[in-house]
Amino acid sequence: MASSAPQGSIDPLTGKDPAKALTAVASGFFENVKKNKQSFFQFAAMTGILLLSFRSVSQKYRIHDLEEDTAVLRKESDTLTDRMSKIKSDLLHQASIDSSGVFATRLRLLFGEDKK
């Protein structure tokens with residue numbers, strides 16, 4: 001989309017050409033960087049260190065959250081294992097009550113207890 005002001009027009013508020021004003025600001029910024037090169041690089045390095053620190057802190061909390069999730073999943077897995085074991089023992093008990101023995105045979109095949 002083109003600018004509403006034609007090329008080379010003058011801004012009524014500042015009395016200057018907007019393109020030239022932007023160029024002047026940019027060149028002034030780069031001149032300032034050249035003069036204070038050491039300060040600029042120091043500022044850039046400190047900004048980078050700050051950003052890395054934020055990233056490190058966020059990863060620390062992410063690891064903490066993952067450790068909590070792992071503990072919950074481990075507890076849930078233990079609970080499910082206990083439930084499965086109880087169901088298996090209850091089924092075997094019911095099979096031992098069955099007089100025909102068909103149910104017990106089928107469970108032994110299912111649980112793999114009939115292997116030699």
Side-chain angles (χ1 to χ4, degrees):
M1 183 170 181
S3 172
S4 61
Q7 196 78 320
S9 67
I10 296 177
D11 186 4
L13 296 175
T14 60
K16 297 180 181 177
D17 181 10
K20 289 182 182 178
L22 183 60
T23 305
V25 169
S27 66
F29 173 75
F30 288 116
E31 288 298 322
N32 194 18
V33 167
K34 286 179 186 176
K35 286 181 195 173
N36 301 312
K37 193 184 315 183
Q38 184 177 1
S39 297
F40 181 75
F41 287 130
Q42 185 178 12
F43 172 73
M46 294 302 287
T47 302
I49 290 169
L50 180 68
L51 292 174
L52 285 174
S53 297
F54 285 145
R55 181 176 174 197
S56 177
V57 168
S58 71
Q59 287 176 348
K60 174 185 171 186
Y61 285 108
R62 184 179 293 158
I63 288 171
H64 180 70
D65 289 343
L66 289 174
E67 287 173 346
E68 287 179 352
D69 291 346
T70 302
V72 169
L73 289 172
R74 191 169 286 130
K75 185 176 178 181
E76 188 175 332
S77 173
D78 292 342
T79 303
L80 289 173
T81 303
D82 291 343
R83 283 179 61 196
M84 286 174 38
S85 178
K86 175 133 178 51
I87 290 170
K88 181 178 175 182
S89 67
D90 288 347
L91 283 172
L92 289 173
H93 176 70
Q94 289 293 326
S96 68
I97 295 173
D98 182 24
S99 62
S100 69
V102 175
F103 190 46
T105 305
R106 192 138 193 223
L107 284 178
R108 283 191 194 101
L109 287 173
L110 181 69
F111 293 141
E113 294 180 359
D114 211 22
K115 294 179 182 174
K116 293 181 183 177

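Just so you know, these numbers use all the heavy atoms, side chains as well, and skip hydrogens, waters and symmetry mates. None of the values given here were measured: they were computed from a predicted structure.
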(request) Give me the one residue out of Ile97, Leu92, Leu91 that meets side-chain contact (heavy atoms from CB on, under 4.5 Å) with Phe103. (result) Leu91
(message) Would a single hydrophobic cluster contain both Phe111 and Met84, if residues Ile, Leu, Val, Met, Phe, Trp and Tyr are joined by side-chain heavy-atom contacts under 4.5 Å?
(response) no
(message) Salt bridge check, Lys86 against Asp90: does any charged N sit closer than 4.0 Å to a carboxylate O?
(response) yes
(message) Nearest 0.5 angstrom please: His64 NE2 to Asp69 CG, how far?
(response) 10.0 Å
(message) Just verifying a value: how many Å separate Ser39 OG and Met46 CE, rounded to the nearest 0.5 Å?
(response) 12.5 Å
(request) Return yes if some donor-acceptor pair links the side-chain N/O of Thr79 with the main-chain N/O of Lys75 below 3.5 Å, else return no. (result) yes
(request) Please examine the side chains of Ser85 and Lys88, heavy atoms only from C-beta on, and report whether any two atoms are closer than 4.5 Å. (result) no
(message) Using the rule that Ile, Leu, Val, Met, Phe, Trp and Tyr join whenever any side-chain heavy atoms are under 4.5 Å apart, tell me whether Ile49 and Phe43 fall into a single cluster.
(response) no
(request) Answer yes or no: is there a donor N or O on one side and an acceptor on the other, between the side chain of Ser77 and the main chain of Leu73, under 3.5 Å? (result) no
(message) Does Gln59, at its CD atom, have more than 12 non-hydrogen atoms belonging to other residues, nucleotides or ligands within less than 6.0 Å?
(response) yes
